[in-house]
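Owing to the predicted nature of the structure, the values given are computational and were not obtained by experimental measurement. Numbering of ligands and ligand atoms starts at 1, following listing order.
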Amino acid sequence: MDMDAFYASCEVVRNPDLSGKPVIIGADPKEGKGRGVVATSSYEARKFGVRSGMPISRAYKLCPQGIYLRPDFKFYREISSEIMKILRSYSKIGEQWGLDESFLDMTQFVTNFADSVEIAQKIKDEIYAKLKLTSSIGIGPNKQVAKIASGFQKPNGLTYVPPDQVQSFLDPLSVDEIIGVGPKTKKVLNEKLQIFTIADLANYPAEKLNKMFGKMGVYLHNVARGMDNSPVQQIYKRKSLGSEVTFEEDIDNFDTIYKTLELLVDKLHKLLLSKNYLYQNIAIKIRFENFSTFTRQHRLKTPTNDKKVALQIGKQLLKEFESNPKKIRLLGFRFAELSKAKYVQKTLFD
Ligand code: TTP
């Protein structure tokens with residue numbers, strides 16, 4: 001189950017006047033001069049080309065008439081816990097991803113796959129009745145297929161992939177539909193191996209994938225053939241790894257800030273690897289001399305343990321503060337939405 005345009009939909013619930021309008025959640029666009037990115041947008045805003053992760057200045061160019069709101073995580077968390085409560089009443093075996101996604105293992109409640117379609121519709125109806133939010137559900141014989149199916153007919157979708165149709169469902173899809181295949185892996189698959197669709201991947205020799213990607217290659221080969229044995233389990237959604245530095249003296253030199261960020265990322269990344277975690281969310285915290293404190297966070301599409309990505313995002317999140325004339329008192333960094341790594345990805349060119 002994956003909620004539709006989650007943050008934006010929550011805002012519409014709070015203020016029904018926004019219904020049907022292009023709502024964009026993220027940084028302040030400051031009439032096109034704003035920094036930072038789009039967290040999400042309503043489907044109406046997506047018609048203008050607005051997408052998650054896009055610079056807010058670009059979103060503003062595409063959709064100046066949009067309604068731009070800063071995220072209110074506390075509110076989204078409250079709604080999220082209502083949703084998860086509803087899901088738990090259908091199955092105790094659940095695995096929550098972020099605030100708005102969850103896998104449910106329905107094995108013990110159904111005698112055949114088709115039964116779960118009816119249950120999924122009930123879940124969607126109950127979420128809508130109680131919270132006025134639409135969700136999309138995918139049903140399949142494993143998590144990978146269910147997740148891809150959940151995004152297949154968004155928004156307000158319900159897609160059922162019976163076991164004997166898994167391969168024909170997966171075949172035409174782009175490789176980056178697979179959990180863990182981000183832009184970098186997609187690029188290597190496309191450009192080096194001429195693999196574009198999941199069918200291309202399924203037909204590619206397993207040994208070659210293995211050589212190129214290590215354990216990730218085995219994973220790719222299996223999921224392209226519809227195989228995924230990973231259990232639905234409670235992941236470490238509440239866990240995070242963070243640290244803060246209060247400077248001896250307040251500073252205004254951003255080179256020092258970035259160096260400090262590097263040290264924090266380095267230290268926390270070692271810890272992350274030693275605990276075999278992946279992160280999906282990065283947050284920074286900055287406190288100025290007058291104790292005004294700001295946090296910024298960025299959520300990745302898929303979990304990773306890549307240090308470079310962490311540093312790059314951390315720097316990006318800090319950028320908007322560069323122009324602030326006040327001195328800086330404290331800097332914090334946090335890896336959040338941690339999950340256990342199921343496979344260890346080699347660097348792509350190993
Ligand atoms: P998603 O489930 O990826 O997206 P969504 O719910 O906004 O829209 P849909 O699934 O219908 O396409 O993300 C869930 C929330 O996480 C989203 O509402 C906002 C947040 N988010 C970010 O903050 N940054 C991002 O880059 C993404 C992708 C999501």
Can a salt bridge be assigned to the pair [X] and [Y] using a cut-off of 4.0 Å between side-chain N and carboxylate O?
X      : Y      : value
Lys184 : Asp306 : yes
Glu207 : Lys211 : no
Glu262 : Lys315 : yes
Lys143 : Glu95  : yes
Asp2   : Lys147 : no
Glu82  : Lys130 : no

(request) Write out the protein residues near ligand 1, meaning a non-hydrogen atom under 4.0 Å from one of its atoms, in order of chain and number. (result) Asp2, Met3, Asp4, Ala5, Phe6, Tyr7, Ala39, Thr40, Tyr43, Arg46, Ser52, Asp100, Glu101, Lys154, Arg299

